[in-house]
Amino acid sequence: MTKTTAKTGRAVPAPSAAPGLVVDYAPSIESDKIVTIAPRQQLYIGGQWVKPVEGRYFQTTNPATLAPLSEIAEAGAADVDAAVRAAKRAYDRTWSKLSGRERGRYLFRIARLIQERARELAVLETLDNGKPIRETRDVDIPLVAAHFFYYAGWADKLGYALPGVKLAPLGVAGQIIPWNFPLLMAAWKIAPALACGNTVVLKPAEQTPLTALKLIEIFEAAGLPPGVVNIVTGAGATGAALTAHPLVRKVAFTGSTEVGKTIARSVAGSGKKLTLELGGKSAHLIFADAAIDQAVEGVVNGIFFNQGHVCCAGSRLLIEESVAERVLDKLRTRMQKLRVGNPLDKNTDIGAINSTAELEKIRRLVETGKQEGARYYEPENITLPAKGNFLRPCLFSDVASSHTICRVEVFGPVLAASTFRTPAEAIAKANDTPYGLAAGIWSEKGSKVHAVAAQLRAGVIWANTYNKFDPTAPFGGYGESGYGREGGRHGLLPYLEVVP
Ligand code: ADP
């Protein structure tokens, strides 16, 4: 594909035809010898590894190689019932009787053990999820430890969470998490629940159960009393049995909006507390006065690193018209340098799509985007590995608000770009979505950033950066992105009730 320059009329290669990398890196593969994965893994109930009553198992695979990793027990309703009862016993007999200071000591111990075993957890997460080791090593696992440290600090200070108000734990929390940040989501759920004095039954995603099961070794090494955390593996039916259990007092869910709605219906009228962290279609707003290179890097980080498997991924790009072509050109050039491949290679930017089903869903949406008429670009210089769930990142420009790729959560490395002329138009377009999880504003002008941020309907708004997380900051959404907040002081409140 070629185009002609306005000045000379000479044909110039379009970015997709440009030569590949000027400098290449030698592979730098992280060893997977550091992890041991049992070929068959059971349920963890009341401090014991137990076989599922119905004897069913399912497989978890490595999405980068499609090799099976382990057979995982599938918990049925009877197993879920046993887990919830074990959690209730641990709550009544042990955990609710401990002082906040004692609970905090367990959590501090867990946080330190996570740090000690960080490399092992990072490799295991990469094997099961497909995300690059750079992400698991530098982002996921450090944040897991940070969450336990942060909520360990709150355990004996709950009296200050809402001064003058007496708070008490709820009892058993049923927690259901997705596959995109398996261990981080487990930490987001378990750490505040335990700090507040609740006990837990956790259901990891069926695609990525391994790190949550490994966490049990750490809980045992920390001496956590039996039954305080129980793990039931399985798919949707296991999750549904957990949310429906009458002894569960609090349900915390992260996952798709569709399943979130089902769960909201199933707990309606039961008196259970519920927090939902659901999908998103978050927008970057790049103003003409922004530091353009920095903005392009932020956009790349926000949607392409991590395969776009982030609920708050910056999947829509709104650019002020006067700089739009410049931004898009730079973006295409930058995309050619993205490294897609072996997630265990420390140079990899984009690893494997988590499952074949997910890969097919993304491909279908990309096809729809092409058919609906948006301009399509993918860096053809990127060679994909012959095996595994890999996909080139892609960019749609000239996207209309009505296009499917602008409205539907793709959950892949697919960016939908359009332009605006005024801040009011940028705000209207950013808010034109049923979701409201995050947004990124790129401008050198602080006053503009604040004025725009105040009008965006998004739970998290980053300015001149993106996808930065901190355990002290609340995270959550508006509209179909869910309700309730996780992280920070706000993240304690869903696990507590006000007592007279
Ligand atoms: P994703 O699209 O991110 O895979 P899902 O919402 O399908 O998100 O899955 C998120 C989590 O919810 C997983 O642990 C999954 O097993 C669980 N889940 C799926 N269906 C149900 C359900 N009906 N009730 C409770 N949990 C469910």
Side-chain angles (χ1 to χ4, degrees), residues 43 52 56-61 63 72-77 79-81 83-84 128-131 173-190 200-213 215 230-245 248 250-268 270 272 274-282 306-313 315 352-362 364-365 389 408-412 414 435 437 477 480-482 486:
L43 309 169
R56 282 209 296 266
Y57 292 81
F58 61 95
Q59 218 168 50
T60 182
T61 55
I72 308 293
E74 184 183 325
D79 304 304
V80 170
D81 180 56
V84 174
D128 205 15
N129 170 283
K131 63 168 77 181
Q175 307 182 321
I176 298 172
I177 56 174
W179 49 262
N180 63 337
F181 285 87
L183 197 58
L184 184 56
M185 290 301 107
W188 278 25
K189 301 269 182 289
I190 295 172
V200 163
V201 179
L202 177 84
K203 195 202 82 65
E206 56 274 32
Q207 299 89 342
T208 53
L210 295 183
T211 43
L213 293 168
L215 197 56
N230 307 273
I231 298 203
V232 287
T233 39
T238 310
L242 181 55
T243 59
H245 199 290
V248 167
K250 148 84 189 162
V251 173
F253 172 78
T254 299
S256 62
T257 295
E258 193 194 338
V259 173
K261 286 179 182 172
T262 307
I263 291 177
R265 280 192 291 271
S266 97
V267 307
S270 69
K272 290 172 189 162
L274 175 65
T275 40
L276 298 173
E277 201 261 277
L278 310 175
K281 194 73 195 173
S282 303
N306 234 333
Q307 306 78 246
H309 290 344
V310 187
C311 38
C312 57
S315 55
I353 303 295
N354 178 258
S355 67
T356 313
E358 202 64 29
L359 181 64
E360 275 159 18
K361 188 187 121 202
I362 299 169
R364 269 200 309 276
L365 284 165
N389 296 331
V408 172
E409 185 179 41
V410 181
F411 227 66
V414 179
Y435 297 112
L437 203 47
E480 295 207 0
S481 290
E486 293 184 303

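In listed order, ligands and their atoms are each counted from 1. Quick note: numbers below take in every heavy atom, side chains included, and nothing from hydrogens, waters or symmetry partners.
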Select the closest option to atom 25 (C) of ligand 1 among Ala357, Ala241, Gly239, judged by heavy-atom distance.
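Residue with the shortest heavy-atom distance to the ligand atom: Gly239.
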Give the ring-plane orientation class for His309 versus Trp179, where under 30° counts as parallel, over 60° as perpendicular and anything between as tilted.
perpendicular
Under the 3.5 angstrom rule, does the side chain of [X] hit a backbone N or O of [Y] as a donor-acceptor pair?
| X | Y | value |
| --- | --- | --- |
| Thr238 | Ala75 | yes |
| Lys272 | Thr243 | yes |
| Gln307 | Gly412 | no |
| Asp79 | Pro52 | no |

Does ligand 1 have a heavy atom under 4.0 Å from the side chain of Ile263, from its backbone, from both, or from neither?
side chain
Which of the ligand 1 atoms, numbered from 1, are nearer than 4.0 Å to a heavy atom of [X]:
| X | result |
| --- | --- |
| Ala235 | 16 (O) |
| Ile177 | 11 (C), 13 (C), 14 (O) |
| Trp179 | 1 (P), 3 (O), 4 (O) |
| Ala240 | 24 (N), 25 (C) |
| Ile176 | 11 (C), 12 (O), 14 (O), 17 (C), 25 (C), 26 (N) |
| Ser256 | 2 (O), 5 (P), 6 (O), 7 (O), 8 (O) |

Is any heavy atom of the protein nearer than 4.0 Å to atom 18 (N) of ligand 1?
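Under 4.0 Å from atom 18 (N) of ligand 1, at least one protein heavy atom found.
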Do ligand 1 and [X] have nitrogen or oxygen atoms that lie under 3.5 Å from each other?
| X | result |
| --- | --- |
| Lys203 | yes |
| Glu206 | yes |
| Thr254 | no |
| Gly234 | no |

With sequence neighbours left out, what residues match His245 under side chain to side chain donor-acceptor pair (under 3.5 Å)?
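Residues passing side chain to side chain donor-acceptor pair (under 3.5 Å) with His245: Asp81.
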If you look at every heavy atom in Ala77 and Ala241, which pair is closest and at what distance?
CA-CB, 4.3 Å
If you have a sec, work out which protein heavy atom is nearest atom 21 (C) of ligand 1 and how many Å separate them, to one decimal?
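Sorting protein heavy atoms by distance from atom 21 (C) of ligand 1 puts Val259 CG1, 3.4 Å first.
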Heavy atom of the protein closest to atom 22 (C) of ligand 1 (residue, atom name, distance):
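Ranked first by proximity to atom 22 (C) of ligand 1 is Gly236 O, 3.6 Å.
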Pair Lys281, Ser481: side-chain N/O donor-acceptor within cut-off below 3.5 Å
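No donor-acceptor contact under 3.5 Å links the two side chains.
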The single option from Leu210, Thr211, Asp128 passing side-chain contact (heavy atoms from CB on, under 4.5 Å) against Pro182:
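The passing option is Thr211.
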Within a strict 4.5 Å, meaning less than it, do heavy atoms of the Glu409 and Ser315 side chains meet?
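In short, these two side chains do not touch, never coming nearer than 4.5 Å.
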Touching ligand 1 at all, Phe253? Heavy atoms, strictly under 4.0 Å?
yes
